[in-house]
> 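Got a structure for you, written out below as structure tokens; questions coming shortly.
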Protein chains: 6
Amino acid sequence: MKVKASRKATFNAAHRLFRPDWDEEKNNAVFGKCNNPRFHGHNYDLIVSVTGEIDPETGFVIDLKVLKDLIKEQVLDPFDHKNLNLDVPEFQNLNPTAENIAVVIWNKLRPHIDAERELEVVLYETPRNFVTYTG
Amino acid sequence: MKVKASRKATFNAAHRLFRPDWDEEKNNAVFGKCNNPRFHGHNYDLIVSVTGEIDPETGFVIDLKVLKDLIKEQVLDPFDHKNLNLDVPEFQNLNPTAENIAVVIWNKLRPHIDAERELEVVLYETPRNFVTYTG
Amino acid sequence: MKVKASRKATFNAAHRLFRPDWDEEKNNAVFGKCNNPRFHGHNYDLIVSVTGEIDPETGFVIDLKVLKDLIKEQVLDPFDHKNLNLDVPEFQNLNPTAENIAVVIWNKLRPHIDAERELEVVLYETPRNFVTYTG
Amino acid sequence: MKVKASRKATFNAAHRLFRPDWDEEKNNAVFGKCNNPRFHGHNYDLIVSVTGEIDPETGFVIDLKVLKDLIKEQVLDPFDHKNLNLDVPEFQNLNPTAENIAVVIWNKLRPHIDAERELEVVLYETPRNFVTYTG
Amino acid sequence: MKVKASRKATFNAAHRLFRPDWDEEKNNAVFGKCNNPRFHGHNYDLIVSVTGEIDPETGFVIDLKVLKDLIKEQVLDPFDHKNLNLDVPEFQNLNPTAENIAVVIWNKLRPHIDAERELEVVLYETPRNFVTYTG
Amino acid sequence: MKVKASRKATFNAAHRLFRPDWDEEKNNAVFGKCNNPRFHGHNYDLIVSVTGEIDPETGFVIDLKVLKDLIKEQVLDPFDHKNLNLDVPEFQNLNPTAENIAVVIWNKLRPHIDAERELEVVLYETPRNFVTYTG
């Protein structure tokens, strides 16, 4: 009886999409107004899902309070009210697109989830733009 | 041409998370404030999805009015405005976690859906906590 | 320059609508399935709004972190994961309809908001049923 | 590192569910009030998802601005503020159920997405009724 | 202790914005694609609010089940799954803009609400376009 | 027959709350993590409402397409994908709190709305924090 248990969280951050090895013209052509050198920002919505057997003792796949605390420690504390490009080490040399942010979050959470459980990360940059990564 | 057709419904219920074979201390350690012996409650959002071939006659995978009536009969009538622990037989000896409620709902609906169709149940306990069960 | 500043919060609670001085028949006629003697429950959404002049120093009408903490102390701590009828003193002799809950919350918050500021409470019992009280 | 990138859009349209080869009685029995011969309508929400490798240069699976423009050209321009039965050639002989609309949209988009990328279409007819097609 | 009690409902309808006494050119200039002669449609969200004293007996301003039934009888039955221009007498000679629909709904409900109670109608044509009428 | 007609829009921006005439300690005490000197950001939701008589010719209080274009010209073009502190002249010497942003938007829109019409601006900084300004 495998069940997927999901927890939603939110963080607010500034970012800029660009490559330092490209000139301004190419950055603007590819990233448009997301390449504002003075940054813009988003309320990111994050849904983290863990899939596994229901523990017959507790009736939980994973205690969602534990998952909530893990998301706070691994994602919200380092990302919330931050500038992703300047404040978060993982994006020093990685463009903070929604895709890359989702992969970084997945990689940060993966070691803390039992290996036999599946992990999924959904990241909404806006209510109209979002990405899903399952490893 | 397999399509997944989904119908959303809502029910409001009281519940309590605990195991009668554990003492109060252990129940509190595991279930926290969800172990209030006088109960708390939720507006549960339920999404039931049926996956199968489109009927070339009607253009439906399943008539969503039929699915709506089935959800009413099998889930809303016995669960809505009820105390899950005290009013619903399935939870007499089963902890009404979101995971267990989703499995119970899936088991109640499964016999009423054609065997060759897949069935998925998503249950939101709150907008931030939800589970998915596909059998 | 009067601005209304609003903060949204959520609590999950069980309740029952009934009058102990009415018999079962009359309680059922008036309150229907909300009169389940074993309780049902809701995810209540609460929006608290304070209207006043913008403080020229901070640019705030009220620091929403302060309002968030006040809501937690006055409403979430006593109401969340509780049985409103049994756990909350204000409803020992008051039917916990959405209207009455909103008035109780307003009365609890009012002494903590500067007298010259207006206070509004919106309480959603479900996404389809909600009430507004302004004193 | 396969990621699913999703873009949400909306269109407003009139439609009617019926089969011209059935008589009024049978159309009413199967399609109910959706068979109003003078039409009714919906705000359709559409989520288009493309799954593939992240481009290491851009950090995108697909530029969501490009996907937005493709959805506008292939779906919104021909469908928005239209009568699906009368204005859209694909439904001249095809009942515009949510299932069939989703398949038509998928077929219109598929040639414009790289063949090695997976395509998914989710179509909400209402917030309570929706379908998913993945080819 | 005046409280505003609100109930949300939904109906799906087709409509067309135009004036028969204007030529096509003027109708297109003013109403744009809303003037499609073959109609388009919406999922209309409706919020009806009644403001008055709390009944000390019941704790209700108005029984929201009664308000729900009134909305069904006066609005959903005549409007849902209908063509507003062709099926609803009130719009035979009145352009079914959101503003006019809200006024029509308010006028239909007003005689059924106690005279000393205030009535408000909010009508969402889309999640981005909505109107409010209070008489 | 006065009706309030509302239009919702969205912009994404970076900002920082602080006063240059306060030292870091006082800025942190008052503005907390909103005082990150490298900025953070939000998806701001904006609802602009115009209240006035329905034009008997068109059935509109205001053509919402015209209001949409006005919001784009006056708010979205200068604010979207911008750093409010660094890119928007109005916040060179004004702390970009939600309250101040709402007042600035109201002041920018006011000259473009007929003087006898009322104007209201609601600004969501997050789904949980929002402000309302009516002049």
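Note on naming: letters A, B, ... go to the chains in the order of the sequence lines (proteins, then strands), and numbering restarts at 1 for each one.
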> Can you tell which part of E/L123 gets under 4.5 Å to a heavy atom of chain F, answering side chain, backbone, both or neither?
neither
> Taking the side chain from E/E99 and the backbone from F/F60, do they hold a donor-acceptor pair closer than 3.5 Å?
no
> Please determine whether the number of non-hydrogen atoms from other residues, nucleotides or ligands lying under 6.0 Å from atom CD of F/E25 exceeds 12.
no
> Among E/N129, E/V131, E/T126, single out the residue with the greatest number of heavy-atom pairs under 4.5 Å to chain F.
E/N129
> Return yes when atom CG of E/D21 has more than 12 non-hydrogen atoms of other residues, nucleotides or ligands closer than 6.0 Å, and no otherwise.
yes
> Does any backbone or side-chain atom of F/K2 lie under 4.5 Å from a heavy atom of chain E? Answer side chain, backbone, both or neither.
backbone
> Which bit of E/P96 is near chain F, if near means a heavy-atom gap under 4.5 Å: side chain, backbone, both or neither?
neither
> Can you tell me which portion of F/L46 sits under 4.5 Å from chain E's heavy atoms? Options are side chain, backbone, both or neither.
neither
> Would you say that more than 12 heavy atoms from the other residues, nucleotides or ligands in this model lie under 6.0 Å from the CG of E/D114, or not?
yes
> Less than 4.5 Å apart, any side-chain heavy atom of F/R7 and any of E/F130?
no
> With only heavy atoms counted, which part of E/V30 is less than 4.5 Å from chain F, the side chain, the backbone, both or neither?
both
> Please report the C-alpha distance between F/K4 and E/Y133 in whole Å, then the side-chain angles of each, then the deciding distance to 0.1 Å, and finally whether the side-chain contact (heavy atoms from CB on, under 4.5 Å) criterion is met.
CA-CA 7 Å; F/K4 176 158 87 163; E/Y133 183 59; over 6 Å; no
> What's the spacing between F/I47 CD1 and E/R128 CZ if we round to 0.5 Å?
10.0 Å
> Does any backbone or side-chain atom of E/W22 lie under 4.5 Å from a heavy atom of chain F? Answer side chain, backbone, both or neither.
side chain
> Taking side chain as C-beta onward, heavy atoms only, is E/T132 less than 4.5 Å from F/V3?
no
> More than 12 non-hydrogen atoms from neighbouring residues, nucleotides or ligands closer than 6.0 Å to NZ on F/K68, yes or no?
no
> Below 4.5 Å from any heavy atom of chain F, which atoms of E/F31 appear? Answer side chain, backbone, both or neither.
both
> Between E/R19 (side chain only) and F/T58 (backbone N and O only), is there a donor and an acceptor less than 3.5 Å apart?
no
> Can you tell which part of F/L67 gets under 4.5 Å to a heavy atom of chain E, answering side chain, backbone, both or neither?
neither
> If I measure from the heavy atoms of chain E, does F/T51 come under 4.5 Å with its side chain, its backbone, both, or neither?
neither
